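Since this is a predicted model, take the numbers as computed values, not measurements. Protein chains get the first letters and strands the later ones, always in sequence-line order, with residue 1 at the start of each.
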Amino acid sequence: MTVTANSFTALSLRIATEPNTQTTVASILTRWYEANARDLAWRRPGASPWGVLVSEVMLQQTQVSRVEPAWQRWMERWPTPAHLAADPPGEAIRAWDRLGYPRRALRLHACAAAIVERHDGEVPDDVEALLALPGIGTYTARAVAAFAFRQRHPVVDTNVRRVVARAVAGEADGGANTTPADLRAVEALLPGDEEAAARASIAFMELGAVVCTARAPRCEECPLIGDCAWRLAGSPPSEGPSRRSQRYHGTDRYVRGLLMAVLRASDDPVPAERLDAVWPDADQRRRALDGLLTDGLVRQRDKTFTLPG
DNA sequence: CACACGTGGAA
DNA sequence: TTTCCAAGTGT
């Protein structure tokens with residue numbers, strides 16, 4: 001995503017020409033969101049900062065439809081960081097089930113422990129403290145500060161990068177990662193008021209998630225149609241090399257997944273032979289298991305293996 | 001900074 | 001069936 005002063009000004013000017021309306025992208029999207037927001041459990045008024053944090057971690061690289069049931073079960077079992085921290089990390093990994101990237105479960109457990117130790121069990125409300133927690137990065141720290149504590153921060157994920165890249169910069173898609181420039185560009189689009197900024201941030205994300213999608217965007221449903229720089233430019237295709245397609249079956253990651261599935265399903269220590277049975281390639285099996293041990297996702301005791309206790 | 005890291009929904 | 005890609009983080 002490359003947002004120049006020119007492209008930014010062009011959008012502002014164009015929208016400003018519309019008669020008797022509030023004239024910012026943020027206000028348009030906020031109004032759209034109020035009428036079109038999905039009813040997600042972690043957005044409801046009763047959701048705690050912990051609930052918001054858990055949802056954000058689960059949503060990293062994972063679709064909403066898969067997160068919803070997992071989040072419900074998780075919050076019933078561990079309604080506060082202290083509840084989670086009191087159980088072994090292996091239980092978090094087991095409960096994570098097939099959400100993917102189980103290191104997230106391990107870090108979320110460590111995050112809960114850090115919140116108990118450093119913040120008296122309360123999710124901290126400032127970005128710096130959030131960033132210092134395990135598994136909480138640039139995106140998640142600001143998402144929690146904005147959505148749980150209603151603060152004004154640029155909340156930039158893949159959706160927001162894409163929305164801004166299209167609507168403002170006129171490009172087909174955003175960059176692969178959030179850069180400091182992205183944060184500045186999005187910050188400049190937010191209204192000054194904290195609550196209004198928090199609402200705008202979730203609106204940007206929602207638009208990217210349900211309308212301004214990566215494949216087959218629903219431009220007819222978009223409140224920015226007519227103002228979108230990408231559309232006005234004729235929806236040019238993305239330039240540059242498309243990201244190399246990611247195979248999965250047969251990779252080390254795949255074998256790690258097989259091993260973890262066995263360990264999750266067992267309440268007892270698993271003998272090495274049972275793990276040997278999941279994949280024929282011994283070298284690859286060894287690589288995967290070593291990685292899991294190094295990551296702390298698996299513990300070894302003699303010739304048996306378990307989730308961390 | 002490029003890369004590793006799971007799993008499955010949808011086209 | 002393939003291919004894309006989904007609210008990223010840590011190294």
Side-chain angles (χ1 to χ4, degrees), chain A residues 33 37-38 40-43 51-71 93 96-108 110-111 130-148 153-163 172-180 182-183 186 201-210 212-218 238 241-264 278 284 287-288 290-292 294-298:
Chain A
Y33 178 79
R38 291 169 295 176
L40 304 177
W42 47 88
R43 288 178 178 170
V52 172
L53 188 155
V54 170
S55 77
E56 293 299 344
V57 173
M58 287 185 169
L59 286 161
Q60 292 167 6
Q61 303 284 284
T62 308
Q63 306 93 320
V64 166
S65 62
R66 298 174 59 210
V67 165
E68 280 181 308
W71 186 88
I93 294 168
W96 200 255
D97 195 43
R98 307 185 68 79
L99 269 187
Y101 293 143
R103 43 171 53 172
R104 289 184 294 166
L106 187 62
R107 294 200 179 115
L108 186 52
C111 178
L130 286 162
L131 276 173
L133 297 170
I136 308 298
T138 304
Y139 162 77
T140 305
R142 288 171 177 77
V144 171
F147 304 148
H153 297 286
V155 181
V156 184
D157 71 337
T158 186
N159 289 310
V160 175
R161 289 197 302 276
R162 185 173 55 249
V163 167
D173 43 37
N177 297 110
T178 295
T179 65
D182 292 334
L183 292 178
V186 171
S201 292
I202 192 65
F204 272 94
M205 290 183 57
E206 187 78 347
L207 188 81
V210 305
C212 193
T213 53
R215 264 184 313 186
R218 301 164 165 79
S238 62
S242 61
R243 29 185 297 194
R244 76 194 200 298
S245 71
Q246 45 179 351
R247 287 165 222 67
Y248 176 58
H249 186 88
T251 62
D252 286 1
R253 254 152 61 172
Y254 175 76
V255 178
R256 283 168 62 110
L258 295 177
L259 296 172
M260 288 303 294
V262 171
L263 292 163
R264 279 196 310 267
V278 304
Q284 196 174 17
R287 231 174 18 247
D290 282 348
L292 291 171
T294 299
D295 290 349
L297 288 164
V298 176

Discussion item. Heavy atoms only, 4.0 Å cut-off, all strands: where does A:T138 land among base, sugar-phosphate and nothing?
Written reply: sugar-phosphate
Practice prompt. List for me each residue that meets side-chain hydrogen bond (donor to acceptor under 3.5 Å, both in side chains) alongside A:Y33, sequence neighbours excluded, and say none if there are none.
Written response: A:R43
Worksheet entry | Rounded distance (Å) that lies between atom P of C:dT3 and atom CZ of A:R247 | 9 Å
Item to complete: Mind checking side-chain hydrogen bond (donor to acceptor under 3.5 Å, both in side chains) for A:S55 and listing every partner two or more places apart, or none if nothing turns up?
Response: none
Worksheet item: Does anything in residues 257-264 of chain A reach DNA chain B, meaning a heavy atom under 4.0 Å, and if so which residues?
Response: A:G257, A:R264
Fill in: Length of the line joining A:Q61:CD and C:dA6:P, which is rounded to integer Å
9 Å
Discussion item. Without decimals, in angstroms, what is the distance between A:H249 NE2 and C:dC4 P?
Written reply: 18 Å
Discussion item. Measure CZ/A:R161 against P/C:dC5 and give the value in whole Å, please.
Written reply: 13 Å
Response to the item:
Residues at least two apart in sequence or cross-chain that pass salt bridge (Lys or Arg N to Asp or Glu O under 4.0 Å) with A:R287, listed by chain then number, are A:D252
I'd like a table of atom pairs between the protein and nucleotides 8-11 of chain B - only N or O on both sides, under 3.5 Å - with the distance next to each one.
from	atom 1	to	atom 2	distance (Å)
B:dG8	OP1	A:R98	NE	2.6
B:dG8	OP2	A:R98	NH2	3.4
B:dG8	N2	A:Q63	NE2	3.0

Response to the item:
Taken in chain and number order and not counting sequence neighbours, the residues that satisfy side-chain contact (heavy atoms from CB on, under 4.5 Å) with A:T62 are A:R66, A:V67, A:L99, A:R104
Item to complete: Quick one: label A:A214 by what it contacts on the DNA or RNA (base, sugar-phosphate, nothing), any heavy atom closer than 4.0 Å.
Response: sugar-phosphate
Fill in: Length of the CG-P vector between A:N159 and C:dC4, whole Å
19 Å
Worksheet entry | Partner residues of A:D295 under the salt bridge (Lys or Arg N to Asp or Glu O under 4.0 Å) criterion, sequence neighbours left out | A:R103, A:R256
Discussion item. Check the orientation of A:Y254 and A:Y248. Use parallel for under 30°, tilted for 30 to 60°, and perpendicular for over 60°.
Written reply: perpendicular
Worksheet item: Roughly, in whole Å, what's the span from CZ in A:R253 to C1' in C:dC5?
Response: 12 Å
Worksheet item: Within this structure, what is the OH-to-C1' distance between A:Y254 and B:dG6, rounded to whole angstrom?
Response: 12 Å
Worksheet item: Taking the P atom of each, how far is B:dG8 from C:dT9, in whole Å?
Response: 22 Å
Worksheet item: CG of A:D295 versus P of B:dC3: gap in Å, rounded?
Response: 19 Å
Worksheet item: Taking atom C1' in both C:dC4 and B:dG6, what distance in whole Å separates the two?
Response: 16 Å
Worksheet entry | Residues forming a salt bridge (Lys or Arg N to Asp or Glu O under 4.0 Å) with A:R38, sequence neighbours excluded | A:E206
Worksheet item: Which part of the nucleic acid, if any, lies within contact of A:L292, taking any heavy atom under 4.0 Å across all strands shown: a base, the sugar-phosphate backbone alone, or nothing?
Response: nothing
Fill in: Listed partners of A:T158 passing side-chain contact (heavy atoms from CB on, under 4.5 Å), at least two apart
A:R161, A:R162
